[in-house]
Amino acid sequence: MPKRKKNIRKIPRHILEKLGTMDNDIITVGTTFAIDNGNYQKEGLSQYGIPLDTALPYSFTPSQKCGVFSKRNLYGQEITRKDLPKVLKTWYTYGPNFGDPSRGFHISEHEVLAWPKEHIMPRNYRVSISEISEDDSSKYFSAVIDTPLKKEEEGFYYSLLYQCNLLQESFGSCDIFPFSNNNSVYIATLNVQWELLPRGQKDILEFFSRSATRKNSVKPLQTEISDRISFFKSINVKQYIRGTQKFSAYIGAILPNGFVLLENFRYGNAIYIFKNNWKNFSKLDRLSLQSLRSNDVIRIVHGPSWKKGVKKIIG
């Protein structure tokens with residue numbers, strides 16, 4: 001395993017200097033690396049967590065084990081806001097009746113004043129690896145994040161730092177390159193289309209289950225998915241939806257009150273409740289969705305009592 005550099009707190013100087021000389025409004029974040037031919041024949045790209053004999057180009061989401069930004073990329077981020085007044089917080093515990101499991105279990109509700117927490121959506125960036133050249137001694141590869149960045153976007157520099165750290169954690173280096181495709185390709189990465197699924201389809205949640213378990217073949221994950229599907233069946237759903245493109249891992253439900261429940265069956269450790277109505281939610285582009293904060297969305301971690309918490313909020 002190659003030695004990885006630590007996370008960076010600010011955008012590297014060479015990237016800022018390069019950014020200043022670029023005429024392009026759109027850039028991509030990536031890096032290049034070389035592997036000795038002998039090592040490549042033996043190990044392929046396995047040192048980067050990529051299965052041996054994988055055909056290139058290959059796209060993957062960095063593992064949460066790579067570092068803090070890789071984990072945020074999959075699961076989002078929670079920030080404790082000590083700059084704000086404390087709020088009344090409710091949480092639930094699950095335990096045996098009178099300390100004896102044989103008598104059954106119950107859920108207890110607790111309230112306490114606590115610092116408010118802000119939840120930021122995961123970005124779900126993916127990295128695409130391609131072979132770019134070779135010589136007698138080595139093969140050369142590029143690793144590029146699949147979501148280009150536009151200089152005029154709000155939060156551009158934070159997104160740039162975020163993507164740089166994602167590559168630092170997996171490859172130990174980062175750089176920027178002019179975006180070579182036309183603007184229509186870039187615009188396609190911004191748009192988020194939500195497919196409204198047929199109301200009368202009896203096996204729609206089973207379809208979700210089959211789709212998700214193809215991505216998660218590990219039995220415990222299948223058990224979790226089945227549990228979440230059972231919950232969807234237990235609530236009053238007006239319409240099921242499925243995301244496309246960068247949000248293809250998300251499925252959800254529109255409720256009669258206009259709330260939208262969103263669940264990532266592939267990487268989800270939480271369910272998101274959007275208090276905005278469906279009409280407004282459906283107009284949000286990818287960048288807006290990824291930057292939504294606690295004023296717009298409620299995040300409930302899949303703990304022992306997450307179902308009761310969701311039902312209490314949705315009414």
Side-chain angles (χ1 to χ4, degrees), residues 1-12 14-15 27-36 39-40 42-79 119-132 139-149 155 157-177 189 212 215-218 220-221 224 246-250 264-270 286-287 289-291 299 301-302:
M1 176 72 74
K3 184 178 180 181
R4 309 286 192 255
K5 295 181 180 179
K6 294 181 179 179
N7 291 117
I8 52 178
R9 291 189 173 185
K10 56 184 180 180
I11 298 169
H14 77 276
I15 289 182
I27 66 162
T28 54
V29 178
T31 190
T32 57
F33 58 95
I35 299 179
D36 177 86
N39 289 335
Y40 184 75
K42 293 178 182 178
E43 302 178 1
L45 295 168
S46 59
Q47 59 184 314
Y48 296 101
I50 298 170
L52 193 64
D53 297 327
T54 297
L56 299 180
Y58 176 71
S59 178
F60 71 101
T61 304
S63 167
Q64 62 173 325
K65 296 179 181 179
C66 292
V68 62
F69 279 87
S70 297
K71 186 174 182 179
R72 291 176 187 173
N73 186 52
L74 287 173
Y75 301 116
Q77 182 182 5
E78 182 178 86
I79 302 172
H119 302 286
I120 302 175
M121 287 280 288
R123 299 201 172 198
N124 297 125
Y125 290 137
R126 295 179 66 82
V127 178
S128 180
I129 292 186
S130 302
E131 182 178 344
I132 51 177
K139 290 183 179 292
Y140 299 89
F141 302 88
S142 66
V144 180
I145 293 182
D146 68 348
T147 304
L149 301 175
Y157 285 100
Y158 178 73
S159 295
L160 176 56
L161 181 63
Y162 193 114
Q163 291 194 3
C164 284
N165 272 296
L166 204 59
L167 290 180
Q168 282 285 147
E169 292 174 353
S170 290
F171 301 96
S173 62
C174 58
D175 202 348
I176 60 171
F177 306 94
T189 71
K215 302 294 183 180
N216 297 293
S217 58
V218 182
L221 290 177
E224 291 179 9
K246 303 300 177 186
F247 279 75
S248 61
Y250 286 92
N264 185 327
F265 273 32
R266 198 175 303 170
Y267 301 113
N269 68 339
R286 173 181 55 80
L287 299 172
L289 278 170
Q290 291 172 339
S291 61
R299 175 179 178 269
V301 175
H302 289 302

The single option from T61, V29, L161, N73 passing side chain to side chain contact (heavy atoms under 4.5 Å, CB included) against L166: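 Only one option passes, and that is N73.
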
Can you name the side-chain contact (heavy atoms from CB on, under 4.5 Å) partners of [X], sequence neighbours left out?
| X | answer |
| --- | --- |
| D36 | N39 |
| T31 | A143, F171, S173 |
| Q77 | R72, I79, I120, Y158 |

Apply salt bridge (charged side-chain N to carboxylate O under 4.0 Å, His left out) to K139 and list each qualifying residue two or more places apart in sequence or on a separate chain.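 With sequence neighbours excluded, K139 shows a salt bridge (charged side-chain N to carboxylate O under 4.0 Å, His left out) to E131, E134, given in chain and number order.
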
Where is the tightest heavy-atom contact between P122 and L74, given as atom of each residue plus distance?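 Of all heavy-atom pairs spanning P122 and L74, the closest is CB-O, 3.4 Å.
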
Atom of S159, atom of R123 and distance for their closest heavy-atom approach: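 Heavy atoms only, the tightest pair is OG-NH1, 2.8 Å.
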
Check ring pair (Phe, Tyr, Trp, His ring centres under 6.0 Å) between Y40 and all other residues, then give those that pass, not counting sequence neighbours.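 Residues passing ring pair (Phe, Tyr, Trp, His ring centres under 6.0 Å) with Y40: F141.
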
Atom [atom1] of [X] and atom [atom2] of [Y]: how far apart are they, to the nearest 0.5 Å?
| X | Y | atom1 | atom2 | answer |
| --- | --- | --- | --- | --- |
| L56 | I50 | CG | CD1 | 7.5 Å |
| T28 | F177 | OG1 | CZ | 7.0 Å |
| K71 | C66 | NZ | SG | 13.0 Å |
| S59 | I129 | OG | CD1 | 9.5 Å |

Could you check if a side-chain atom of [X] sits within less than 4.5 angstrom of a side-chain atom of [Y], using non-hydrogen atoms only?
| X | Y | answer |
| --- | --- | --- |
| L167 | I145 | yes |
| Y162 | C164 | no |
| I176 | L149 | no |
| T32 | Y140 | no |
| Y58 | P51 | yes |
| I35 | Q47 | yes |

Answer yes or no: is there a donor N or O on one side and an acceptor on the other, between the side chain of D146 and the main chain of Y125, under 3.5 Å?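 Checked: no pair found.
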
Flag, side chain of Q163 to backbone of T147, donor-acceptor distance under 3.5 Å: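 Answer holds: yes.
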
With sequence neighbours excluded, what pairs up with S70 under the side-chain hydrogen bond (donor to acceptor under 3.5 Å, both in side chains) test?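 For S70 the side-chain hydrogen bond (donor to acceptor under 3.5 Å, both in side chains) partners, ignoring immediate neighbours, are E169.
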
Could you walk me through whether I8 and F69 satisfy the side-chain contact (heavy atoms from CB on, under 4.5 Å) test, starting with their C-alpha distance in whole Å, then the side-chain angles of each, then the deciding distance to 0.1 Å, before giving a yes or no? CA-CA 11 Å; I8 52 178; F69 279 87; over 6 Å; no

